[in-house]
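Lettering of chains follows the sequences in order, A, B, ..., and the numbering in each one begins at 1.
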Protein chains: 2
Amino acid sequence: MEIREIEIFLTLAEELHFGRTAERLHVSQARVSQAISRQERRIGVALFDRTSRRVSLTPVGRRLREDLQKALDLLRDGLARAEAAGLGAGQTLRLGVFGHAGYELRPLVDVFRTRYPGSDVQFNEITGGHPFTALRTGDNDVNVVWLPVAEPDLTVGPTVYVGGRVLAVSADHPLAERGTASLEDLADYHVVDLGPDAPEYWVASMVPTRTPSGRRIPRGPAARTFHEILSLVATGRCVHPLGEIAARYNSPPGIVFLPMPDAPDLHWALTWRSTADSAAIRALAQTAADLGPISLDRSSAAPVAG
Amino acid sequence: MEIREIEIFLTLAEELHFGRTAERLHVSQARVSQAISRQERRIGVALFDRTSRRVSLTPVGRRLREDLQKALDLLRDGLARAEAAGLGAGQTLRLGVFGHAGYELRPLVDVFRTRYPGSDVQFNEITGGHPFTALRTGDNDVNVVWLPVAEPDLTVGPTVYVGGRVLAVSADHPLAERGTASLEDLADYHVVDLGPDAPEYWVASMVPTRTPSGRRIPRGPAARTFHEILSLVATGRCVHPLGEIAARYNSPPGIVFLPMPDAPDLHWALTWRSTADSAAIRALAQTAADLGPISLDRSSAAPVAG
DNA sequence: TGACTTTACGGTTGCCGTAACGATT
DNA sequence: AATCGTTACGGCAACCGTAAAGTCA
């Protein structure tokens, strides 16, 4: 007898419909049927009368429903209480972000701290060259990265902000005078190669391998960190797209950030190791989901002097 | 959160010792450690303070223990009530036995029927040639077979009786005059071949492949059923060991059953498909365990006329 | 015939055991 | 040094999804 099977039983007892039960629990219809059959075999008595048209509880099922509902409520209350105690006891989540992105997360962090006074968030810097490494080594609990993320060992949580891209070019670059850049421009120059530790598909969602018209975008010299990238760009040997947040809080010498109006917005989401799921992470994710994504355009954040 | 983990938590809360907890639950010590760690991570707070010398509940753990204990009790009560309703509702277990072995099971069946008035047992005959087939096809719910049984898909339950062996020989066989037979005698004659559907190791536990002194015991003509075996034996072409129960209720013409004092006793146990576990089967197994094995020697059963 | 449930089958997750390691008295 | 808890790793059972079959109105 597993908790999951009890949930399925209770939901079916409420819905009296296998399809709707499956939908509500986000499982297949077959799974509901299997779970109920199995329970009935183990217990040795029919819990539901069913045809392909009607599902109804047997007397035994009705009684079992009452008992199990009470037990499950008790169980969840107990766990919730323990969790609340834990969140009040002072845990610090280590949150990986690119550059100054943490600054944009202030609303989220403020609400999180208010809701869970014992808990806190500490920002660690992550880099394009190693977007997930710190998660996997256990050095970070949660990272904020642009989507899509399709790593089998990672869970993608709510999106925390949405924003556009800018192209970093050297101040004396031919594009600098135009004031904006387009995806099509990328094919004319080299972009930074983030190296083998960043998944290909993930890099490509920031820096496509081809322009919209199909021209190849050449990958140039390699760099891992924000400042390594800027160093390369400053020499004029390459250009590189970044989240617009990079332009908001940085004015590096010899670099110009050009808006890229034709590049679709990027979604930045909380991400964590699936097996490292914990109460604090769930609490942060829930808080982020409640707040919804912050749009960088509407952000009221004031620029900060470096 | 799984039921099993809750059990582990509650047991450890009681024992305050990882090793004893593991023993009580029949799992490894590592498993207990893993389960507790995992729960603590998910909940986000330590439930036990522990060194390698002392284990004690934290305040949060103490509170959780009370809640979970109540929830688990409720859950088990509900399931027990539903199960009891099922057992009272009238199920018939199909019990596979060799020949007249069902007769020896009367004490078990009587107690079972008394305890669970709605349930019943029906005997189906099984044969040495196909000891497990009916279980696997679903034609029988439980079989009574001699041990050892080492089939990955089958569960071996309590032993229901213990008894010796007899050797079936034709009435004019040289051994008949002696009145007894020994394992060593088998090498001098052929024994029946039960065919490919009975596992080799299982057949060998009734009919060894070699005598104690190491001589090979030749396998003779093939037969599947009790009466096929007796037919072969009656012709004098082979001999064959059987459970002594065969001698008790049969006096087939032209056949003599010789006790085999040097053959170790056989244990006969309830066996069922692991995946077909059900309340009725558990009830029967529990009843059998409570009664303990019936010794055929001390059996008060009166011989029955063929 | 169409809506709904059940059965069959295969992939993948995660439970759990074995074994080695670490920590405390 | 002995006892006890933790970590690492691998095998395998069970969960669950897909797809097809079965059943009732």
Taking atom types as modelled and ignoring hydrogens, do the side chains of Q122(B) and N124(B) form a donor-acceptor contact shorter than 3.5 angstrom?
-> yes
Atom CZ of R50(B) and atom C1' of dT7(D) are separated, to the nearest Å, by 13 Å
Are T11(B) and T21(B) linked by a side-chain donor-acceptor pair shorter than 3.5 Å?
-> no
Roughly how many Å is it from CD in E2(A) to P in dT13(C), rounded to a whole number?
-> 19 Å
With sugar-phosphate taken as primed atoms, P, OP1 and OP2 and all else as base, the protein-contact string of nucleotides 17-25 of chain D at under 4.0 Å (heavy atoms; B, S, -) is BBB---BBS
Kindly calculate the angle separating the two end axes of the helix from dT1(C)-dA25(D) to dT25(C)-dA1(D), each obtained from five base pairs, and round it to 10 degrees.
-> 30°
Of the candidates dT6(C), dT7(D), dC15(C), the side chain of R38(B) sits closest to dC15(C)
In whole angstrom, what separates L25(A)'s CG from dC16(D)'s P?
-> 10 Å
List in numerical order all residues of residues 3-18 of chain B for which some heavy atom is under 4.0 Å away from an atom belonging to DNA chain D.
-> H17(B), F18(B)
Side chain T58(B), main chain A46(B), donor-acceptor under 3.5 Å | yes
Is a side-chain N or O of E83(A) found less than 3.5 angstrom from the main chain of I43(B), in a donor-acceptor match?
-> no
CD of E23(B) versus C1' of dT3(D): gap in Å, rounded?
-> 14 Å
How would you label the contact of V32(B) with the nucleic acid (heavy atoms, under 4.0 Å): base, sugar-phosphate, or nothing?
-> nothing
A280(A) and L87(A) have their tightest heavy-atom pair at CA-CD2, 3.6 Å
With ring centroids as reference points, do F123(A) and F98(A) lie under 6.0 angstrom apart?
-> no
Is it true that the side chains of S205(A) and W146(A) contain a donor and an acceptor less than 3.5 Å apart?
-> yes
Calculate the interatomic distance between L154(B) atom CG and dA13(D) atom P; express it in whole Å.
-> 13 Å
Does a salt bridge link R136(B) with E151(B), judged by any charged N lying under 4.0 Å from a carboxylate O?
-> yes
Looking only at non-hydrogen atoms, find the nearest pair between V149(A) and V156(A) and report the distance.
-> O-CG2, 3.7 Å
May I ask you to say whether R115(B) pairs ionically with D290(B), meaning some side-chain N is under 4.0 Å from a carboxylate O?
-> yes
Between E23(A) and R20(A), is there a salt bridge with N-O shorter than 4.0 Å?
-> no
Separation of atom CD in E40(A) from atom P in dT5(C), rounded to whole Å | 13 Å
Quick one: is R54(A) getting a side-chain N or O under 4.0 Å of the dC4(C) phosphate, OP1 or OP2?
-> no
Would you mind classifying the nucleic acid contact of R20(B) as base, sugar-phosphate or nothing, using non-hydrogen atoms under 4.0 angstrom?
-> nothing
Rounded to the nearest angstrom, tell me the gap between atom CG in D277(A) and atom P in dT13(C).
-> 16 Å
